[in-house]
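Report on the following structure.
The structure displayed is predicted, hence computed values, not measured ones.
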Amino acid sequence: MSTKNVRLEVMQFLEKSIDRFVDDFLIPVEKIWQPSDLLPDSQNDNFFEEVKELRELAKELPYDFWVVLVGDTITEEALPTYESWLMDVEGVNQVDNGGNSWSKWVRSWTGEENRHGDLLNKYLYLSGRVNMREIEMTTQHLINDGFDIGTDRDPYKNFVYTSFQELATYVSHNRVSQLAKKYGDKKLSKLCKLIAGDEMRHHQAYSTFVEKIFQVDPSEMMLAFQYMMKQKIVMPAHFLRESGQKIGTAFEQFSDSAQRIGVYTANDYVDILQKLIDRWDISKISGLTDEAEKARDYLMKLPARMAKISERLVIPAESHIFKWVEPATLK
């Protein structure tokens, strides 16, 4: 049987548990928080006073913080790209009689993720600290440009990617929450912490999918894990650009800001890789082919190798001046 057919069989096997996965890892619409729960209520007579308080607290936040918050927002708002990508994964069917259970998962996951960009966008708009039109243009460019995360339609590779990426976004939003609290903005801190909580649940879900695949197709899952780590996990916003620029030109400067203030660093990348290796108990998986055994050896040694490389990275001390966040507006 071909590798593709085996993957399809495994996806059909996992599909039988989708309802349980939805119940375990996602929260019903009526029970989960919504953006309006965390923002000034426009129906309230105190709305303008609440907005004024939000804007005053926002004045205490530094330049690199705003760059990271904007970059995180744009990343979240490019959600249409991620949904369309996942809907095309082998084993996900969204057309026949309403689609299969995997399409239900993707839509339900998307519904939860959609709240993140909605909330962050409204916060940025009310803060008065950023150039919303430039942000909106960057977001539109990112959706227009699409992305290629190196997974093709392979569910194994896609689930490695989402397991890694959801944990990375948890780290980023959680660190932003900690920084906001440090600068005295408890409401923004709570907002980002709630988003981080969603990302952790989603990470647990996709990690569970990979764990289940390791149980039934260990060698091919190991090879997919190795493949993704050899080519490195690219961030969803790796095609980020400001208006008038070429694809991808803004991502490196955004990453520099994130590293400068400790929101997401090269060390975090290594740490996430190690967490996945531990989570999936890579060292103890049995029944591997010779090729998969070599892949396991590669993966077990990779964190130490990458840690040495990350120690040599030099981050520019000066911030790139983004069109999204003009320093004059922060005075």
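- Nearest heavy-atom pair, Val130 versus Leu124, reported as atom, atom and distance to 0.1 Å: CG2-O, 3.7 Å.
- You'll find the ring centres of Trp102 and Phe209 inside the 6.0 Å limit.
- For Asp145, the side chain to side chain contact (heavy atoms under 4.5 Å, CB included) partners two or more places apart in sequence, or in a different chain, are His141, Phe239, Arg241, Ile247.
- Atom CG of residue Leu188 and atom OG of residue Ser177 lie 7.5 Å apart, to the nearest 0.5 angstrom.
- Annotation: the span from Lys284 atom NZ to Arg296 atom CZ amounts to 11.5 Å, rounded to 0.5 Å.
- Sorted by first and then second residue, the salt bridge (Lys or Arg N to Asp or Glu O under 4.0 Å) pairs involving residues 153-180 (not counting sequence neighbours) are Arg7-Asp154, Asp88-Arg153, Glu90-Arg153, Arg175-Asp268.
- Taking the charged nitrogens against the carboxylate oxygens, Asp118 and Lys122 do have a contact shorter than 4.0 Å, which makes a salt bridge.
- Screening residues 187-214 for salt bridge (Lys or Arg N to Asp or Glu O under 4.0 Å), with sequence neighbours left out, gives Glu53-Lys187, Glu112-Arg201, Arg115-Asp198, Asp198-Arg201, Glu211-Arg279.
- By the neighbour-count criterion of 12 heavy atoms within 6.0 Å, atom CD of Gln140 is sparsely surrounded, having that number or fewer from other residues, nucleotides or ligands.
- Distance check, rounded to the nearest 0.5 Å: CE of Met200 to CD1 of Ile195 gives 15.0 Å.
- Classification of Glu291 and Lys294 as a salt-bridged pair fails, no side-chain N sitting under 4.0 Å from a carboxylate O.
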Cut-off 3.5 Å, no hydrogens considered: what does the side-chain donor-acceptor table look like for residues 11-22, sequence neighbours left out?
| from | atom 1 | to | atom 2 | distance (Å) |
| --- | --- | --- | --- | --- |
| Glu15 | OE2 | Ser101 | N | 3.1 |
| Asp19 | OD1 | Lys104 | NZ | 2.6 |

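- Looking at residues two or more places apart in sequence or on another chain, you find a side chain to side chain contact (heavy atoms under 4.5 Å, CB included) between Ala196 and Tyr170, His173, Asn174.
- Side-chain contact of Asn158 with Tyr206: a donor-acceptor pair under 3.5 Å is absent, judged by distance alone.
- Applying the salt bridge (Lys or Arg N to Asp or Glu O under 4.0 Å) test to residues at least two apart or on different chains, none of the pairs has a partner in residues 70-82.
- Between Leu126 and Arg55 the shortest side-chain heavy-atom distance does not fall below 4.5 Å.
- By the 30° and 60° cut-offs, the orientation of the rings of Phe214 relative to Trp280 is tilted.
- When each of Val263, Val68, Val325, Leu69 is paired with Ser257, the side chain to side chain contact (heavy atoms under 4.5 Å, CB included) condition holds for Val68 and for no other.
- Atom CG of residue Asp278 and atom OG of residue Ser283 lie 8.0 Å apart, to the nearest 0.5 angstrom.
- Rounding to the nearest 0.5 Å gives a distance of 8.5 Å between OG1 of Thr169 and NE2 of His116.
- Taking the six-membered ring where the residue is Trp, Phe147 and His238 present tilted rings, their angle falling between 30° and 60°.
- Residue pairs meeting the salt bridge (Lys or Arg N to Asp or Glu O under 4.0 Å) criterion with at least one member in residues 40-51, sequence neighbours excluded, do not occur.
- With sequence neighbours excluded, the residues forming a side chain to side chain contact (heavy atoms under 4.5 Å, CB included) with Glu83 are Met87, Val106, Arg107, Thr110, listed by chain and number.
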Taking it one step at a time, do Asp271 and Lys275 satisfy salt bridge (Lys or Arg N to Asp or Glu O under 4.0 Å)? CA-CA 6 Å; Asp271 185 54; Lys275 279 183 166 62; 2.7 Å; yes
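- Residues satisfying the side chain to side chain contact (heavy atoms under 4.5 Å, CB included) test with Ile315, not counting sequence neighbours, are Asp256, Gln259, Arg260.
- Taking the ring pair (Phe, Tyr, Trp, His ring centres under 6.0 Å) definition, one finds that Tyr161 meets it with nothing, sequence neighbours left out.
- A single hydrophobic cluster is not seen to contain both Leu120 and Met137; linkage of ILVMFWY side chains at heavy-atom distances under 4.5 Å, directly or through other members, places them apart.
- In this structure, the ring pair (Phe, Tyr, Trp, His ring centres under 6.0 Å) partners of Phe164, at least two apart in sequence or on a different chain, are Tyr269.
- Annotation for Asp290: atom CG does not count as buried by contact number, only 12 or fewer foreign heavy atoms lying within 6.0 Å.
- Sorted by first then second residue, the ring pair (Phe, Tyr, Trp, His ring centres under 6.0 Å) pairs that include residues 25-57, not counting sequence neighbours, number zero.
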Residues Lys308, Glu311; criterion salt bridge (Lys or Arg N to Asp or Glu O under 4.0 Å); working and verdict: CA-CA 5 Å; Lys308 290 181 180 179; Glu311 289 172 2; over 6 Å; no
